[in-house]
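So the structure is just underneath, and the comments pick up after that.
In what follows, chains carry the letters A, B, and so on, assigned in the order in which the sequence lines appear, proteins first and then strands, with residues in each chain numbered from 1.
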Number of protein chains: 2
Amino acid sequence: MSLQGRQLKVKYAYYQVADEIQRQILDGSLKPGERLPGEVELAEMFGVTRSTVREGLRQLENDGLVHRPSPRRLEVSLPQMETLTTRNSRAMAMMRVSFRHLWQVALATEPLAADLAALLITEEEKVELRDIHAELLDSVTDVDRTIELDTRFHSFIATAAKNPALMLAREPVALLLYRGFAQVAPVSEIALSRQAEAHTHITDAICAGDRDLARTWGRRHIEDFWKAINKAGLADAPAIKSAEGI
Amino acid sequence: MSLQGRQLKVKYAYYQVADEIQRQILDGSLKPGERLPGEVELAEMFGVTRSTVREGLRQLENDGLVHRPSPRRLEVSLPQMETLTTRNSRAMAMMRVSFRHLWQVALATEPLAADLAALLITEEEKVELRDIHAELLDSVTDVDRTIELDTRFHSFIATAAKNPALMLAREPVALLLYRGFAQVAPVSEIALSRQAEAHTHITDAICAGDRDLARTWGRRHIEDFWKAINKAGLADAPAIKSAEGI
DNA sequence: TCGCCATTAATGTCTGACAGTCGGACACAA
DNA sequence: TTGTGTCCGACTGTCAGACATTAATGGCGA
């Protein structure tokens with residue numbers, strides 16, 4: 001009995017097409033920005049129908065490996081952070097991730113982001129960070145706006161940290177966590193003022209280039225958030241009930 | 001100049017089909033495991049052709065929102081961790097993420113995973129963890145096997161931490177980082193023994209439920225890895241040259 | 001009741017077609 | 001030179017219809 005029964009995966013034609021093109025993109029034969037042939041030509045090249053090619057292309061488009069600036073142009077592209085973030089957030093929402101889960105991760109990533117931002121932020125970014133912070137202070141009346149700006153504030157700090165891996169890891173978590181503020185805010189009025197205070201400290205520390213302080217306040221800020229969540233009794237509640245709107 | 005030039009998004013039929021089904025999944029009307037009608041029926045429902053439906057379904061399949069156990073069954077499903085991880089890793093590889101980037105994130109996530117694992121690991125998992133560790137100790141001769149097991153070791157710890165958000169955040173990073181061991185190992189012979197030692201400590205700490213110790217060794221382990229990377233002069237090298245094989 | 005088999009139905013793929021519109025080119029006017 | 005009007009060709013998005021293969025299902029026999 002020497003016959004190896006390797007499970008062979010049945011590969012559909014459209015899948016093979018996608019796979020082959022993807023291979024050439026990933027190994028560098030096709031570079032981002034490069035233009036791809038039309039569907040008819042691709043169909044001829046692979047010896048399949050246009051319908052089949054289309055189904056394959058859909059997958060690549062969906063993966064963000066190719067992209068159509070206009071229906072008439074098909075080019076290789078780098079996956080966009082936003083696309084990835086959205087998908088990941090959505091997946092977490094469907095998995096019924098709890099505030100506890102999100103918080104645990106945020107407690108690891110957010111101080112790191114603040115730390116690195118303090119190290120690497122540019123002068124232009126300092127200005128923009130202060131702008132966002134100022135706008136945030138003005139938005140106390142509107143919860144939705146506060147959430148949007150809060151998310152943006154932290155996201156911007158992560159951008160300033162200039163680490164794509166960190167971005168990818170934290171964005172989906174942050175998106176869901178800060179959104180939870182809507183459920184927390186009504187329960188704890190002090191949350192708002194404490195949050196504003198923390199934001200100020202974080203902003204100052206980052207702009208001053210004080211990594212330790214930035215990290216410390218980043219941590220404190222997230223810890224505060226946890227207290228509010230706990231007070232609201234939401235620790236083990238799914239961060240999002242239905243995943244709609246992501 | 002008061003004319004508002006809002007960029008209007010043209011929505012193609014296949015996109016609308018995908019969007020509509022996705023909406024129903026995300027808002028909970030369609031639950032994971034539920035079976036969907038066939039393509040013909042869907043085409044009738046939406047008033048489009050089967051080809052159009054197919055292109056839409058491809059997107060949902062790709063997102064992991066629907067899934068075909070066999071070509072004949074189409075059902076709603078939860079996105080699989082592995083699918084998400086692969087996509088994210090691939091994206092990072094294409095972004096030319098450096099070892100420094102990966103390491104910074106890992107330094108935040110891996111100790112956390114060890115910490116939580118120490119808190120939440122089950123008896124069965126303890127056995128499996130020890131198994132993996134033992135197997136890892138035996139694999140010193142084969143670098144590829146070592147990498148595979150090392151990745152699995154850390155991944156398993158994250159599993160034991162029972163936090164999907166953490167999994168999603170760390171897996172893609174870990175996949176690329178530990179793979180880099182192949183480039184590091186030849187340069188630093190002591191790396192192997194130190195690594196084995198750290199693994200032992202981590203395993204023991206987790207099984208003993210000592211969170212602090214688990215975290216400490218988790219951290220030390222990653223810091224060691226950094227030293228090796230640095231020694232090899234790879235700190236700012238892209239973790240993967242071409243993204244092939246992901 | 002349980003297991004096997006044939007029928008049915010749905011998928012994967014193909015052929016062919018058509019309208020809309022985008023890209024590019026060219027000429028002309030400001 | 002720069003922008004506008006016009007035209008042609010090319011390619012996409014969508015449609016209609018068709019066929020072979022194969023998996024699900026129900027009926028049959030044990």
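Looking at heavy-atom distances under 4.0 Å, B/Thr52 makes contact with sugar-phosphate atoms alone, never a base. Nucleic acid contact class of A/Ser51 (heavy atoms, under 4.0 Å, all strands): base.
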**Message:** Run A/Gln24 and A/Glu20 through side chain to side chain donor-acceptor pair (under 3.5 Å) and show every step you take.
**Reply:** CA-CA 6 Å; A/Gln24 294 193 29; A/Glu20 174 58 22; 2.9 Å; yes
**Request:** Show your reasoning for whether salt bridge (Lys or Arg N to Asp or Glu O under 4.0 Å) applies to A/Glu39 and A/Arg68.
**Result:** CA-CA 12 Å; A/Glu39 296 175 354; A/Arg68 293 189 198 265; 3.2 Å; yes
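Under a 3.5 Å cut-off, the side chain of A/Lys162 and the backbone N or O of A/Ala160 do form a donor-acceptor pair. Without hydrogens or angle criteria, A/Ser77 side chain to A/Gly64 main chain gives a donor-acceptor distance under 3.5 Å. With hydrogens and angles disregarded, a donor-acceptor distance shorter than 3.5 Å links the side chain of A/Ser70 to the backbone of A/Arg72. Remark: side-chain polar atoms of B/Glu34 are paired, donor with acceptor, to backbone N or O of B/Lys31 under 3.5 angstrom. Side-chain N or O atoms of B/Thr203 include none that pairs as donor or acceptor with a backbone N or O of B/Arg130 at under 3.5 Å.
Bracketed by its first and final contacts, the part of DNA chain D lying under 4.0 Å from non-hydrogen atoms of chain B reaches from D/dG13 to D/dT25 in 5' to 3' order.
Interatomic distance, CG of B/Leu30 versus CD of B/Glu75, reported as 12.0 Å (0.5 Å rounding).
Computed from coordinates, the B/Glu61 CD to C/dT11 P distance equals 11 Å when rounded to whole Å. What separates CZ of A/Arg54 from P of C/dC14 is a distance of 15 Å, to the nearest Å. Taking atom OH on A/Tyr12 and atom C1' on C/dC14, their separation rounds to 17 Å, with Å as the unit.
Between A/Arg50 and A/Tyr14, the residue whose closest nucleotide on DNA chain C is further toward the 5' end is A/Tyr14.
Proximity of residues 68-77 of chain A to DNA chain C (heavy atom under 4.0 angstrom from any strand atom) is restricted to A/Ser70, A/Arg72. Shown for residues 32-40 of chain A: residues whose heavy atoms fall under 4.0 angstrom of DNA chain D, namely A/Gly38, A/Glu39.
Classified by interplanar angle (parallel below 30°, tilted 30° to 60°, perpendicular above 60°), the ring pair B/His133/B/Phe153 is tilted.
Residues A/Thr122 and A/Glu125 have side chains that bring a donor and an acceptor to within less than 3.5 angstrom of each other. For A/Gln59 and A/Glu55, the side-chain atoms include no donor-acceptor pair closer than 3.5 Å.
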